[in-house]
Amino acid sequence: MNKNELSDYLLNNLQLFEKTSKIEVKEIGDGNINYVFRVRSESGKSFVVKQFDTLLRSSMRPLSTKRSRLEYESMKWKSEFVPDMIPKLFHYDENLSLIVMEDIGPYSNLRELLIDGKVYSHLAGSISSFLAYTLIPMTDLVLERSEKKDKVGFFLNPELCDISEDLVFTEPYYDYKGRNRITEGNEEFVSRRLYDNEEIKSHVLYLKDRFMNYAQTLLHGDFHTGSIFTSEDGMKVIDHEFAFYGPLGYDCGNIFANIAFPIVRRMVIKEECTSIEDLLISTFDLTLEKLNAVFDEFVKDKFSSNRLFKNSYIKSIISDSIGYMGTELIRRIVGDAKVIDITTISNINCRIKAERIVIDSAIHLIMNRENIESGREIVDVIKKYYGDYK
Ligand code: SR1
Ligand code: MG
């Protein structure tokens, strides 16, 4: 809908505003896929409206609007576990593929905050709680068997998964669609490290296969710092349209990677980054701690609560997380969907260096994913490669 149509729709069909109110509609979305508006009345009431088009916003290719139902239902379900971290939902219209939700205007985008070197003290606690409380309760270990299978079926999301299967797991290593954009000066480096590296490709194929076939839990599916809005008091997680049943470590690895980008950025432009390093360390360590705690809190089935099983289950989540951290790091450098943490490094030599640090760290993480157990080890990997390119 255009702004006038949206305004008429809201005034005539919903009881959110007085019928006689004048409302202002402003487009605020800058994502690749959908359209997002802030709608505000003269009396100061405001909401966010997200509409899902039948065409992808960035490339205009067709995309099913079923994703709006998946986003809505996923937000609704996750709100039961982390009510303060999901924008409140006011309305869903299946025909118009439209969700009306809380306006989280007073919150700031986490990606932009970290680029500026700002870290709130609750962040590691909030992110780790979001991961543990939205991921463990939706596994087979907690849900009744048939309910879990119904959920896996309901949340099948082939088109959005297809985007990730290409952009995250395939194109950065093969460029078979010719869409990769490599920074001038890094072409040969990318060929040597990725396109010609059969060993890294074999590890990534394993992670891709697990992404496609291990329906472990309901993922956010695109959990990066651009999907988090935060203030001194808390955080809200948006953009749940990539939700599907996949390996639990995928969400964890995605957010770890996206906390690492501003570290590398600030390292190469020689700005303070210890507070973000500490954020990465404590987010990783608290996630591990809370996965254990939430497992104990929620897994009541007498067979699954076996201690040895629990240890190996959590260990495999951690190694997946480190592997998926690596794939996210690489795809944001080589692929088509980049991050401003790196693309806005204005000095070209610093950008080239940052990209090499990210790729080498990622390869190390993927290859050594079974042996890394703490946030400190991850930061040490990044520091080691920073040292190599100093
Ligand atoms: C065509 S979509 C490109 C990227 O934007 C989304 O936020 C996902 O990260 C996706 O890979
Ligand atoms: Mg998104």
Side-chain angles (χ1 to χ4, degrees), residues 27-37 48-68 70-72 74-75 78 85-87 97 99 101 104 107 109-112 130 134 157-181 204 207-208 211-212 218-230 235-244 246 250-261 324-343 358 362:
E27 194 180 348
I28 55 169
D30 60 356
N32 294 313
I33 307 184
N34 306 301
Y35 297 84
V36 184
F37 303 89
V48 162
V49 179
K50 179 167 180 179
Q51 194 173 29
F52 303 70
D53 196 2
T54 50
L55 299 174
L56 190 75
R57 185 176 168 178
S58 57
S59 64
M60 289 293 150
R61 84 168 160 88
L63 195 65
S64 148
T65 52
K66 184 194 168 195
R67 67 191 192 278
S68 66
L70 298 186
E71 171 149 356
Y72 178 74
S74 168
M75 288 175 80
K78 296 201 171 196
M85 295 191 199
I86 306 279
S97 305
I99 302 175
M101 62 186 110
I104 51 168
Y107 290 72
N109 189 268
L110 181 58
R111 187 179 301 287
E112 287 163 17
F130 179 83
T134 62
N157 197 353
E159 286 185 302
L160 279 287
C161 285
D162 189 67
I163 292 178
S164 304
E165 285 152 23
D166 259 339
L167 287 183
V168 180
F169 296 106
T170 314
E171 292 179 58
Y173 309 90
Y174 304 92
D175 197 23
Y176 80 113
K177 290 189 171 171
R179 296 194 294 193
N180 287 354
R181 288 178 289 127
V204 172
L207 291 162
K208 178 183 179 183
F211 177 88
M212 295 171 76
L218 181 62
L219 297 173
H220 176 283
D222 194 24
F223 191 42
H224 55 78
T225 44
S227 300
I228 298 178
F229 279 74
T230 183
M235 71 173 211
K236 305 274 180 192
V237 178
I238 62 162
D239 280 357
H240 296 249
E241 75 233 296
F242 279 78
F244 79 109
Y250 187 72
D251 275 359
C252 307
N254 268 278
I255 193 65
F256 300 155
N258 281 276
I259 298 173
F261 289 122
Y324 292 123
M325 176 177 181
T327 53
E328 174 71 1
L329 286 171
I330 289 171
R331 73 99 167 205
R332 297 292 190 178
I333 299 297
V334 175
D336 189 36
K338 303 214 185 290
V339 285
I340 54 168
D341 319 46
I342 303 298
T343 56
V358 169

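As the structure lists them, so they are numbered: ligands from 1, and atoms in each ligand from 1. Just so you know, these numbers come straight off a predicted model, no measurement behind them.
- The H224 neighbourhood of ligand 1 comprises atoms 7 (O), with distances under 4.0 Å to a heavy atom of that residue.
- Only one option out of F211, F244, F242 pairs with Y250 in a ring-ring contact (aromatic ring centres under 6.0 Å, His included); it is F211.
- For the 3.5 Å distance criterion, the side chains of N34 and R67 qualify, holding a donor opposite an acceptor.
- A donor-acceptor pair is defined here as one N or O able to donate and one able to accept, closer than 3.5 Å; such a pair exists between the side chain of E159 and the backbone of S64.
- Atoms of ligand 1 lying under 4.0 Å from any heavy atom of L167, numbered from 1 in the order shown and given with element: 3 (C), 11 (O).
- Using a 4.5 Å cut-off on side-chain heavy atoms (C-beta onward), T327 and V204 make contact.
- Only the side chain of R332 comes within contact range of ligand 1, with a heavy atom under 4.0 Å; no backbone atom does.
- Between D222 and ligand 1, at least one pair of N/O atoms sits closer than 3.5 Å.
- Less than 2.8 Å away from the Mg ion (ligand 2), the protein contributes these N/O/S atoms: D222 OD2.
- Of the protein's non-hydrogen atoms, N32 ND2, 2.8 Å is the one closest to atom 5 (O) of ligand 1.
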Verdict with reasoning, R111 to I340, per side-chain contact (heavy atoms from CB on, under 4.5 Å)
CA-CA 8 Å; R111 187 179 301 287; I340 54 168; 3.7 Å; yes
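- When heavy-atom distances to ligand 1 are checked against a 4.0 Å cut-off, R331 comes that close only through its side chain, counted from C-beta outward.
- Both tests do not hold together for R331 against F169: distance to the six-membered ring centre under 6.0 Å, angle to the ring axis within 45°.
- The ring-ring contact (aromatic ring centres under 6.0 Å, His included) test applied to F256 returns F284, not counting sequence neighbours.
- Taking the six-membered ring for Trp and the full ring otherwise, Y324 and F223 have centroids separated by 6.0 Å or more.
- You'll find the side chain of L110 stays beyond 4.5 Å of the side chain of I259, heavy atoms only.
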